[in-house]
Q: 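Quick one: structure below, then a few questions.
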Amino acid sequence: MKARWLIPAVLLACASARGQQYSGDVLGQHNLSPGGTSPVRGGLSAACLYCHAPHSGVGGITPLWNQTLTTQTYTTYQSTTYHEISTPQPLLGSDSNLCLSCHDGSIAPGQTVAYGKFPMSGSMASGDNFGTDLSSSHPFSLALPIKDSPDLVISLAGKGGTADPTGAIKLVNGNIECTTCHNAHVEAKDVVAFNFLVRDGSAGQLCLACHEPGNRTVNNQSNYLAGWTNSVHATAGNKIANQQGVNLGAYPTVALNACAACHMEHNAPGAARLLRGKNENDCLGCHGAGSNLSPAIPNVSAEFAKAAHPFSTAGGAHDAAESALLNQNRHATCVDCHNPHAALQVTAFLPPPTLRPSQSGVEGISATDGITVLNPAVNQFENCLRCHGSSTGKTVLPATFGYLPVWAAAAGDPLNVIPQFAQLASSSHPVMHDRSSPYAQPSLRPFMMNEDGVTPSRAMGTRILCTDCHNSDDNREFGGTGPNGPHGSKWTHILERRYEFSQAALPGQLISNLFPSPDLTANGPYALCGKCHDLVNVASNASFSEHARHINDGFSCSTCHTAHGMGAVSGTISGERLVNFDLKVVAPAGTAPIAYSRATNSCALTCHNHPHAAVGGAAARRK
């Protein structure tokens, strides 16, 4: 009998000696003895015997195993970006099988082979009971050989080894097992996480032993993790105070939590990619309304309570393996516009059309053909073209985004902005090409104006961004305190500032929402135009002799001007100065088609029950 207890006693003595190197109990919650810290405890004081038997363990199991082995079948991790052909069940007696003999919940702790069932009390914490559905846990016991992937370090599949410089993170018989990351005998090698890690896991060091943060391409696939090292999520020093329902990891800052701020190795709510919250919900743990970060960051979730980019629908859910060209524009998760592994903090605003640092590493579509994938995108509009270019399935939600004009000169797909901004367009706002109008622009300001309409902001260059018009109404770049970018706005079409569209019950009839003698300040109906154009100058007829009369009569810019550009060539509308006509508001004048000629400075149409005859000159328009 004395011999039976000899080895456990020696093991405990060794454990105690090793424990002097770490804070707290070495076995920690794996000490099931009466004096241990585990929520499950037995009456036996020899802690090792709950798992090991020095002479009578399960046959053939090298650590003298004593706990009854589980024989459960598991549902294992799968996703569209997972490159393993199949994931077999862990072998009986393998390292992972030993761990799951307690952690799958099918066999009670203390159900030993050599000594029968020990009387136990308490229960395992819910987060430690993984069950048999392991689809939301990190893959293990892979089908060998390990398949290479651009997000894996080259040594993993090539040499069967990790990139851990300490050597603590090892493959087990060439495979990833529970013991690759966990040492069941030492709870506190990581004195913060206390998760039986084989080494300190802060700053993503466990993850980076296998996952490559640099530029790597395998089978023509680029590494989505490229850019991680310098990204804001890898370097942000914001302190974390986990709140009920929001857990961002065990470490005190975003940078120290690193991968763990967004991902969970076990029981992840977003099974694919092991996210702490599925898709956009993962981001809102930090970028939402909670006060769990210090210093606080802008509340993006508040923007989505306004007219906002819609999150993905049941019929168009985001997937990391989907095509860059999104054939459904009711699909806009955070990661469609941001790459969380490469995003940088915005400390300076680069000149247009360059992507903002917060969008570093994101995909885009070429404006040349509307199809070619750019990975990564260089210009901001290329990212917008994932949805707003040649993609199919685009829809309109006027109840959410507001009135949408129908332009007299338009391409076959009115929602495809590529021809509207193209170099060959007869006129367009300079988003996809430099400003090159041969005509003087007396109303154009030298600086864009902040949202107060008074304070100068960015110098007016030869390009503008999509987000110079489509932006949060309280964005920081132009004087607000909220997040930058087209997350949501209190104004229609996610516009940064107020812009009213003229509307009529039927084309040519009375316009129902006139704004006579309008306020031309930042509070007025055309505040968005006033960001770049001096509306007082416009109303002075400096660029067109009839501006003042039309504006003071209450007609919106939208009656005569398209906002993006001329999406098609018209035989009757010359197209300079973005002059187009909203066919919901204007109608032909008699049998002649709707027309505009800059050469004769005349229009032919009926607007507000008033026909204009194209015989030239202002007098003709007054008839």
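Keep in mind it's a predicted model, so treat the numbers as computed, not measured. Hydrogens, waters and symmetry mates are skipped; everything else that's a heavy atom, side chains included, is used.
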Q: Do S436 and D434 have side-chain N/O donor and acceptor atoms under 3.5 Å apart?
A: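 S436 vs D434: no donor-acceptor pair found between side chains.
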Q: So if I apply the ring-ring contact (aromatic ring centres under 6.0 Å, His included) rule between Y77 and each of F140, Y82, F130, which one comes out positive?
A: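 So the option named by the test is Y82.
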Q: Would you say the side chains of S472 and D474 form a donor-acceptor pair under 3.5 Å?
A: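 No.
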Q: Show me the pairs that pass salt bridge (Lys or Arg N to Asp or Glu O under 4.0 Å) and involve residues 209-230, at least two apart or across chains.
A: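 Qualifying pairs: D148-R216.
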Q: Determine, for E303 against K490, whether the closest basic-nitrogen to carboxylate-oxygen distance falls under 4.0 angstrom.
A: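 Here E303 does not pair with K490 in a salt bridge, since their nearest N and O are not under 4.0 Å apart.
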Q: Are Q359 and N339 linked by a side-chain donor-acceptor pair shorter than 3.5 Å?
A: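 Per modelled atom types, Q359 and N339 side chains form no pair under 3.5 Å.
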Q: Please determine, by modelled atom types, if D319 and T80 share a side-chain donor-acceptor pair under 3.5 angstrom.
A: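 Yes, side-chain donor-acceptor contact under 3.5 Å.
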Q: Which pairs with one or both residues in residues 347-389 pass ring-ring contact (aromatic ring centres under 6.0 Å, His included), sequence neighbours excluded?
A: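 Of all non-adjacent pairs touching residues 347-389, none passes ring-ring contact (aromatic ring centres under 6.0 Å, His included).
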Q: Verify the distance criterion only: is there a donor paired with an acceptor across the side chains of S126 and N129 at less than 3.5 Å?
A: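 There is no such pair (donor and acceptor under 3.5 Å, judged by atom type) between the side chains of S126 and N129.
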Q: So that I can tick it off, tell me whether R199 and D190 are bridged by a salt bridge, with the cut-off set at under 4.0 angstrom between side-chain N and carboxylate O.
A: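 R199 and D190: not salt-bridged.
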Q: Is it true that the side chains of S141 and E177 contain a donor and an acceptor less than 3.5 Å apart?
A: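 Yes, side-chain donor-acceptor contact under 3.5 Å.
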Q: Decide whether S96 and S94 meet the rule of one side-chain donor and one side-chain acceptor closer than 3.5 Å.
A: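 On atom types as modelled, these side chains do not qualify, holding no pair under 3.5 Å.
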Q: Regarding E451 and K531, does a basic nitrogen lie under 4.0 Å from an acidic carboxylate oxygen?
A: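 Salt bridge flag = no for K531 with E451.
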Q: Would you tell me whether T132 and D104 have side-chain atoms, one donor and one acceptor, within less than 3.5 Å of each other?
A: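 No, no side-chain donor-acceptor contact under 3.5 Å.
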Q: Measuring centre to centre across the rings, with the benzene-like ring taken for any Trp, is H487 within less than 6.0 Å of H309?
A: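 Not close enough - the centres of the two rings lie 6.0 Å or further apart.
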Q: Are D336 and H331 linked by a side-chain donor-acceptor pair shorter than 3.5 Å?
A: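 Note: D336 and H331 side chains meet the donor-acceptor criterion.
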Q: Do S428 and Q420 have a side chain donor and acceptor closer than 3.5 Å?
A: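 Side chains of S428 and Q420: no pair found under 3.5 Å.
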Q: Rounded to the nearest 0.5 Å, how far does CD1 of I240 lie from SG of C286?
A: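 Between C286 SG and I240 CD1, I get 6.0 Å after rounding to 0.5 Å.
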Q: Check for me whether K189 meets the cation-pi criterion with F196, that is, NZ or CZ under 6.0 Å from the six-membered ring centre and within 45 degrees of the ring axis.
A: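 Checked: cation-pi criterion not met.
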Q: Side chains of T481 and R476 only: does a donor on one sit below 3.5 Å from an acceptor on the other?
A: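 Result is no, nothing qualifies.
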Q: Return the orientation label for the H263 and H341 ring planes: parallel under 30°, perpendicular over 60°, tilted otherwise.
A: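 It falls in the parallel class, under 30°.
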Q: Is a donor from one side chain sitting under 3.5 angstrom from an acceptor on the other, for D151 and S149?
A: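 Yes, because at least one side-chain N or O of D151 sits under 3.5 Å from a partner of the opposite role on S149.
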